[in-house]
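Presented below is the structure to which this report refers.
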Amino acid sequence: MTSPLRETILAALNEVKDPIDGTGIVDKNMVQGIDINGENVTVMIGVDPERGPSLEDLRQSAERAVNSVNGVTTARVALTAERSGAAKSSQSPASQPDSRQSHGHDHAHKPASAGVGTRPAATPGSGQQPLDLGAIRSVVTVASGKGGVGKSTTAVNLALSLARQGLSVGLLDADIYGPSLPRMMGLRTAKPAHSKKKGKITPPSAFGVKIMSIGFMVDEEQPVIWRGPMAMGALEQLLRDTDWGELDVLVVDMPPGTGDIQLSMAQRVPVTGAVIVSTPQDIALLDARKGLNMFRKVNVPIFGLIENMSYYQCPNCGHVDHVFDHGGAHKAADELGVPFLGEIPLDLKIRLGADEGKPIIETDPDGAHSQAYANIARQIAVAIDEQVGPKAKPKKSLFPKISFR
Ligand code: ADP
């Protein structure tokens, strides 16, 4: 059963035609999801990634069409890369059940449960101005030359450490191919809410850190196929449409690798500094070197290298085993003239914490492993201050009526 409002929205959307053949976008099964939350409506339109940048007019027309429907106050329409199988599914949103009765919201289709954004997908490439991030004081990207080295785990634990050190911290999951931060932060079922600020979404928080991830809109198990411009557009939308408020630092968990997408992210986002996570067995750290070079190419300061899964310390006897070749990152950092920030051991507690949504910084803040993260976080905080100037600390004032921020 569908609601009358939903039917009216679908009819309005079908008046918007795909310029290729003049067919209504509902008839073409391009409308992948409609989320009706009170008077706020979010629509997800699936498009071929190659066509993404050329469909901004269509997106705006769709937004106007939904806005014109009686009972709609805010309409947000996002273009998204076709999900595997989803756009070809014979089940159009028109035939999906209206879930308002069961959930209180009208979550017709999971990916549209919150807007990924309202702005055009940007064309990546050089020469573009970095985004204006408003009240975000600094952006630190956590990158790696390849996947599986513990980049996301490191990003989470560093973000929590920075927050424990008194900074206001946001965490952005830019790993749009494998968004794992909702799980790692224990927010699998969380959903961003519409913010009071028009066109913005409020990020969920956990452990004192604000988090935004494409994983809030799509299943972790059902990866989205993002290519080039669409991926970049999704990231920009996540960044700009999130009501981050004032942040001392936004930690960005980058997609693994050093391809075009990573490069354009490093160009479009005003990055204060980058940290590269590597494992010792990452032979001669070739991948990590590529990561360094990428940031150098776009003049992003390198805060340093972190060696993850560096050694194994027996929890019973304390014996330290260098399971893999050890010290490679330190050596590479010296050779490359960048700081070596520290090593994180291979440890079951770190893995379980990450996989169960209870980061070790939270469950064992005074333990040696948390201290290792905290030590790296302190160096990052100092590096941020060096780049953007020290944060004005609240002081006990002689003039109590003046507040310092
Ligand atoms: P990436 O973001 O580089 O793909 P993840 O952070 O997702 O990597 O980590 C990959 C796997 O390795 C996860 O299961 C995670 O729990 C585990 N892991 C990461 N760092 C450590 C560590 N220091 N000790 C033990 N397991 C770790």
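When a ligand or atom number is given, it counts from 1 through the structure's own listing order. It should be emphasised that the depicted structure is a prediction, and the values quoted were computed from it without experimental measurement. Heads up: numbering here begins at 1 and tracks the sequence.
- Asp253 and Ser152 share a side-chain donor-acceptor pair at under 3.5 Å.
- Contact between Phe207 and Gly357 at its shortest, heavy atoms only, is CZ-O, 3.6 Å.
- Under 4.0 Å is where a charged nitrogen must lie from a carboxylate oxygen, and between Asp243 and Lys196 no such pair does.
- Each side chain to side chain donor-acceptor pair (under 3.5 Å) pair with one or both residues in residues 203-216, not counting sequence neighbours, appears once here: Asp173-Ser213.
- Among pairs with a residue in residues 364-382, those fulfilling salt bridge (Lys or Arg N to Asp or Glu O under 4.0 Å) read Lys349-Asp364, at least two apart in sequence or across chains.
- Residues with a heavy atom under 4.0 Å from ligand 1: Gly147, Gly148, Val149, Gly150, Lys151, Ser152, Thr153, Met184, Asn308, Met309, Ile344, Pro345, Leu346, Asp347, Ile350, Arg351, Ala354, Asp355.
- For the side chain to side chain donor-acceptor pair (under 3.5 Å) condition, the pairs that include at least one residue of residues 161-172, sequence neighbours left out, are Ser168-Asp248.
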